Asks: 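Okay, here's the structure, questions in a sec.
Quick caveat: nothing in here was measured; it's all calculated off a predicted structure.
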Amino acid sequence: MEHSRIVIDGASLTCPEVAVAAREDVMVAIAPEGAERARAAWKVAREVAGAQPVYGRTTGVGANRVVDVEWEDADAHGLRLLRSHAAGAGPLVAPEIVRAMLTVRLNQIAAGGSGVEPGALQALADVLNLGLLPPVPVYGAIGTGDLTALASTALCLLGERSWLAGPDGAPERGPGYRLQSADALAFISSNAATLGEAALAVADLRQMLRASTVVAALSHFAVRASEEPYAPPVQDACPHPGQRETADAMRTLLAFDRPAPMRIQDPYGYRAFPQVHGPALEAAGYAEEVVTREINAAAENPLVDVAGRTVWHNGNFHTAYVGLALDAARAALFQTMALAAARLGTLAEPSFTGLYPFQGATEASSGIMILEYVAHSCLADVRRLATPAALGSAVLSRGVEEHAGFSTQSARATTDAVAAYRLGLGCELVAAVRALRMQGRAPSGGPLRSALDLAEAVLDPRVEDRPLDADIAVAADLLPRLARLHP
């Protein structure tokens, strides 16, 4: 990424860059080497299809793979394919997911394995730069190709469907591109929508996990918990990488103050935080590695082999790695969110805070009582969404396509789980900041003091009983800024 411009080269796109392209006002440009790879693959694809059968170019698709397309019908075949596959259902997905899809598909074509005519690269870049979107319904993919989403995109390029523009999604004319009939399957045979959403989800997940450590440290300071669990000898005795990373961060955040601990041992929310949060860090890191590998891969079927001047029919379109990695990340996310909810419980207890129950303004006040209910409501959704999507499968297209990993559903579940986690963590942040305000205490310096200062600047200081919904929303919105304070 170059300041306000993202350069697509087919080899080095990152999940955070996908997030920037999807959510911010940046220009997207094509690197010359990406355009050249696409051009070389297109030439080889045409050459090979002229000499031997190539799935989707000279044959039907799915169970119709054994049916040859007659040369006099070749021009109509691709258009029929696009029309028949642009059949998603349900509400439209969020605009940022569609932009992520377009960014990923652009990068995949630039990787040079699809054989799509290289002019499609600039057409897709123009769509992104003009802020236009194809209509993409929620339902239609199961992790073996986002055919409905990309067929809809292709029909927009061909002028058969209108692009959507503006906050209200008004239909609009936009850039067109005469996609060649032979390139129809090559254009839509991709998991770009699933991978785009997965890239956004893992970028957000890693950000929230960094914010979690900062919030946990504020809670730790508020209840005067012990730092013994984070001591180097403890971590050296059981040296899991994520666990050590968490403990190191907690020591750094708490380094400016050494208050005497109030208890010989604290609840698990503090004492076992590295052991529970560490697996979430590692699972999220692995998921990002997998998704990054996929968005830079030429995972096409057929795969155009420029060096060998041939094509390979294969299964690289199957995103089992992505779905399983995201499933694992959500399971780990539930575990660490359960500790956040437990810490919130301690912040309502006088024996931990030295305040009235629920941090009330009076002994009979409800104070932050409702925050526990909200947090556990969020936790229940994270638990529900942690069910592995990979436990399902499907047999389709007359039995020829007899497996599916449902990575699309896993990506969607991860998006929703991170959103619920963010709100639940916001509840803990509200409680920790309120406790410190009522105690009249603050860290003496360092990133933890900066975190408290940021929170105090935006959170309502009033402690009388009042609606706390705005406080939760403000705290949740602050979490990305707190994530940047993670050591």
Side-chain angles (χ1 to χ4, degrees), residues 1 4-6 8 13-29 86-109 120 123-141 146-177 187-188 190-205 207-208 291 295 407-420 422-423 473 476-477 480:
M1 187 166 66
S4 60
R5 189 173 78 139
I6 292 177
I8 299 294
L13 187 64
T14 67
C15 292
E17 285 177 338
V18 173
V20 169
R23 294 167 173 161
E24 299 182 19
D25 184 16
V26 296
M27 293 294 293
V28 174
L92 299 183
V93 302
E96 66 178 32
I97 295 174
V98 182
R99 288 183 59 82
M101 174 193 78
L102 296 173
T103 303
V104 170
R105 192 57 186 140
L106 190 59
N107 196 63
Q108 290 174 325
I109 295 172
L124 288 176
D126 289 344
V127 169
L128 281 165
N129 291 333
L130 289 170
L132 301 178
L133 304 170
V136 176
V138 167
Y139 299 107
D146 295 313
L147 305 176
T148 60
L150 288 162
S152 182
T153 304
L155 291 182
C156 288
L157 286 171
L158 290 168
E160 289 206 1
R161 281 190 172 174
S162 296
W163 299 101
L164 305 179
D168 56 351
E172 183 171 311
R173 301 289 295 177
Y177 183 72
F187 184 84
I188 69 174
S190 154
N191 291 288
T194 297
L195 294 175
E197 181 163 11
L200 296 179
V202 297
D204 291 347
L205 174 58
Q207 181 185 70
M208 287 300 102
V291 174
I295 63 178
S407 62
T408 307
Q409 286 64 37
S410 188
R412 189 176 306 144
T414 306
T415 297
D416 293 343
V418 173
R422 182 174 182 163
L423 292 172
D477 287 344

Asks: If you take all heavy atoms of Gly159 and Arg173, which pair is closest and at what distance?
Replies: O-NH1, 3.8 Å

Asks: Measure across Cys15 and Val202 and return the closest heavy-atom pair with its distance rounded to 0.1 Å.
Replies: SG-CG2, 3.6 Å

Asks: Just how far is it from atom CD1 of Ile295 to atom OG1 of Thr14, taken to the nearest 0.5 Å?
Replies: 6.5 Å

Asks: Over all heavy atoms of both residues, which pair between Tyr139 and Gly90 is shortest? Give the atoms and the distance, please.
Replies: CD1-CA, 4.1 Å

Asks: Return yes if some donor-acceptor pair links the side-chain N/O of Arg422 with the main-chain N/O of Ala476 below 3.5 Å, else return no.
Replies: yes

Asks: For Leu124, does its backbone N or O pair with a side-chain atom of Arg105 as donor and acceptor, under 3.5 Å?
Replies: no

Asks: Leu200 and Ala22: which non-hydrogen atoms are nearest, and at how many Å?
Replies: CD2-CB, 3.9 Å

Asks: Are any of the side-chain heavy atoms of Asp25 and Ser4 separated by less than 4.5 Å?
Replies: no

Asks: Using 0.5 Å steps for rounding, measure from the CD1 atom of Ile8 to the CG atom of Leu13.
Replies: 5.0 Å

Asks: Nearest 0.5 Å, please: how far is OG in Ser152 from CG in Asp146?
Replies: 12.0 Å

Asks: Check whether more than 12 heavy atoms from other residues, nucleotides or ligands sit under 6.0 Å from atom CZ of Arg23, and answer yes or no.
Replies: yes

Asks: Is any side-chain heavy atom of Pro135 closer than 4.5 Å to one of Pro171?
Replies: no

Asks: Which atom names give the shortest non-hydrogen contact between Gln108 and Ser190, and what distance separates them?
Replies: OE1-OG, 2.7 Å

Asks: If I take atom CG from residue Leu157 and atom CG from residue Asp126, how far apart are they, to the nearest 0.5 angstrom?
Replies: 10.0 Å

Asks: I want to check something: taking the side chain as every heavy atom from C-beta on, are Pro134 and Trp163 in contact at a cut-off of under 4.5 Å?
Replies: yes

Asks: Hey, is the main chain of Ala21 close enough, under 3.5 Å, to the side chain of Arg99 for a donor-acceptor pair?
Replies: yes

Asks: At what distance, to the nearest 0.5 angstrom, does CG of Leu133 lie from CG of Leu164?
Replies: 6.0 Å

Asks: Starting at CG of Asn107, measure out to CG of Leu102 and round the result to the nearest 0.5 Å.
Replies: 12.5 Å

Asks: Of all residues at least two apart in sequence or in a different chain, which pass the side chain to side chain donor-acceptor pair (under 3.5 Å) check with Thr408?
Replies: Thr194

Asks: With side-chain contact (heavy atoms from CB on, under 4.5 Å) as the test, pick out the partner of Leu128 among Val26, Ile6, Leu106.
Replies: Leu106

Asks: Out of Glu96, Arg412, Met101, which residue meets the side-chain contact (heavy atoms from CB on, under 4.5 Å) rule with Glu197?
Replies: Arg412

Asks: Suppose we screen for side chain to side chain donor-acceptor pair (under 3.5 Å). Which residues come up paired with Asn191, at least two apart in sequence or across chains?
Replies: none

Asks: Could you report the tightest heavy-atom contact between Ala201 and Ala411, atom names first, then the distance?
Replies: CB-O, 4.5 Å

